[in-house]
Trainee: 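Pasting in a structure now, in structure tokens, and then I'll have a few things to ask.
By convention in this document, chain letters (A, B, ...) are assigned in the order of the sequence lines, proteins followed by strands, and residues within each chain are numbered from 1.
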2 protein chains.
Amino acid sequence: MLIQLNFKSGKPVYLQIVDQIKSAAASGAIKPGEPLPTIRPLAEELRVNRNTVARAYSELESQGIIESRHGKGSVLAENHSPLKKEIRRKMLIDEIDQAVVQAHHLQFDRAEFLKLVDERFDALEKKKGES
Amino acid sequence: MLIQLNFKSGKPVYLQIVDQIKSAAASGAIKPGEPLPTIRPLAEELRVNRNTVARAYSELESQGIIESRHGKGSVLAENHSPLKKEIRRKMLIDEIDQAVVQAHHLQFDRAEFLKLVDERFDALEKKKGES
DNA sequence: ATTACTGTCCTAGACAGTTAGGACAGTAAG
DNA sequence: CTTACTGTCCTAACTGTCTAGGACAGTAAT
């Protein structure tokens, strides 16, 4: 679990932590049931307040990514979203639409876009293989 | 140019305007060179302060989507990003990675993802045909 | 020059988001 | 029970964001 923070980016620290843990979970760097660093030591390592890490973990828990238990720590949750597929589908479409619209303005056509998506899935699978 | 605002969503009004105009431009609902609504009438129609619309237009201009000229109004810009392809590619990859990671947590695999992307491009092309 | 449009700059108030410290509460080992 | 760890809640300060109104400046037609 290596987390890199950029304090100049303007992006909230707790969101940087959220994104990187979500990404690590998707790549298989952390597996379901595996414990995450506890809040205080991680906060010390990252040189931020413990509540900043706590907020990140709280956000991850509300998204169903991790499970925290008072006094015990946090572990990566099973990848079972409780939401109905139709809802999850809508959420993903929102993300995809954003990328598709952005692609138009960045002058990438459908074929190039699909190629990039394949590349990024490959990059993710590769990380899985390494673990 | 129909813009729908949601004041309860928590998302800043000016960003809602930005997104919807970007989307309209990508779908071909507005074409390069075509004039956009002027700031004050649009603000009145949407029942927001003129500076809120002005901020949206300012953001769109900084992204190279529109061009505003003092005293004349704003028009949709040609779709020529001044950035180098390598830079634009990096920006798009960031968007795609976000969607790919989200797909994992929403339990969509690569094949389903690619199918959704195709669907969304189709939906965009369809709008182009209607105009 | 006047009028009626247009976009832009400046400033400030209100509000939400972010981070931080203190205190509290659950867990588990000795 | 004590100790040392764990997550959680409350509150406050700070900061930046968002929205708004007043004043200014460019454009074009009469």
Trainee: Quick check on D/dA20: is either OP1 or OP2 less than 4.0 Å from any side-chain nitrogen or oxygen of B/T52?
Mentor: yes
Trainee: Taking the side chain of B/A54 as its heavy atoms from C-beta onward, which of D/dG21, C/dT8, C/dT19 lies nearest to it?
Mentor: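 For the B/A54 side chain, the nearest candidate turns out to be C/dT8.
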Trainee: If each of B/K11 and A/P41 is mapped to the nucleotide of DNA chain D with the nearest heavy atom, which maps nearer the 5' terminus, i.e. the 5' end?
Mentor: A/P41
Trainee: Could you state the CG-P distance from B/L15 to D/dC18, rounded to the nearest angstrom?
Mentor: 6 Å
Trainee: What is the distance from CD1 of B/I66 to C1' of C/dT6, rounded to the nearest Å?
Mentor: 13 Å
Trainee: Answer yes if the side chains of B/Q63 and B/E59 hold a donor-acceptor pair under 3.5 Å, and no otherwise.
Mentor: yes
Trainee: May I ask you to decide if B/K11's main-chain N or O and B/S9's side chain share a donor-acceptor pair within less than 3.5 Å?
Mentor: yes
Trainee: Counting primed atoms plus P, OP1 and OP2 as sugar-phosphate and everything else as base, spell out the protein contacts along nucleotides 23-30 of chain D at 4.0 Å heavy-atom distance: B, S or - for each nucleotide, 5' to 3'.
Mentor: B-BBSS--
Trainee: Just the table, please: protein N/O against nucleotides 14-16 of chain D N/O, every pair under 3.5 Å.
Mentor:
none

Trainee: Looking at B/N49 and D/dC18, is any side-chain donor or acceptor paired with a base atom of the opposite kind under 3.5 Å?
Mentor: no
Trainee: Rounded to whole Å, please give me the gap between CG in B/L60 and C1' in C/dG7.
Mentor: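 One finds 14 Å between C1' of C/dG7 and CG of B/L60, rounded.
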Trainee: Quick check against the 3.5 Å criterion: does B/E61 have a side-chain atom that pairs as donor or acceptor with the backbone of B/S68?
Mentor: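 Yes, because the side chain of B/E61 sits within donor-acceptor range (under 3.5 Å) of the backbone of B/S68.
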Trainee: Under 4.0 angstrom, heavy atoms only, what part of the nucleic acid is A/Y14 near: base, sugar-phosphate, or nothing?
Mentor: sugar-phosphate
Trainee: Would you call A/E112-B/K85 a salt bridge at under 4.0 Å N-O?
Mentor: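 Looking at B/K85 together with A/E112, the answer is yes, because their closest N to O distance falls below 4.0 Å.
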Trainee: Within less than 4.0 Å of OP1 or OP2 of D/dG7, is there a side-chain N or O belonging to A/S68?
Mentor: no
Trainee: B/R55 side chain: which of C/dG22, D/dC18, D/dG7 is closest?
Mentor: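 Nearest to the side chain of B/R55 among the choices is D/dC18.
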Trainee: Short question: side chain of A/Q102, backbone of B/L92 - any donor-acceptor pair under 3.5 Å?
Mentor: no
Trainee: Is there a side-chain contact between A/Q98 and B/D19 (heavy atoms, below 4.5 Å)?
Mentor: no
Trainee: Below 4.5 Å, heavy atoms only, C-beta onward: do B/L42 and B/V48 meet side chain to side chain?
Mentor: no
Trainee: Starting at atom CD of A/E67, determine the distance to atom C1' of D/dT6, rounded to an integer number of angstrom.
Mentor: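 My rounded result for the distance is 16 Å.
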Trainee: Grab the OH-C1' distance between B/Y57 and C/dC9 for me, whole Å please.
Mentor: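 Whole-Å distance recorded here is 19 Å.
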Trainee: To the nearest Å, give me how far apart CG (A/N51) and P (C/dG17) are.
Mentor: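 Taking atom P of C/dG17 as the reference, CG of A/N51 is at 17 Å.
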Trainee: Does this structure show an ion pair linking B/E67 with B/K72, if we count only N-O contacts that are shorter than 4.0 Å?
Mentor: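 No, B/E67 and B/K72 are not salt-bridged.
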Trainee: Taking only Lys NZ, Arg NE, NH1 and NH2, and the carboxylate oxygens of Asp or Glu, determine whether A/R89 and B/E119 approach each other closer than 4.0 Å.
Mentor: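 So A/R89 pairs with B/E119 through a salt bridge.
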Trainee: Taking A/D122 first and then B/R110, would you say they form a salt bridge - that is, a charged N and a carboxylate O separated by under 4.0 Å?
Mentor: yes
Trainee: Starting at atom CD1 of A/I39, determine the distance to atom P of C/dT19, rounded to an integer number of angstrom.
Mentor: 15 Å
Trainee: Can a side chain N or O of A/S58 be found less than 4.0 Å away from OP1 or OP2 on D/dT8?
Mentor: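 Negative; the distance criterion is not met.
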Trainee: Rounded to whole Å, please give me the gap between CD in A/E44 and P in C/dG21.
Mentor: 13 Å
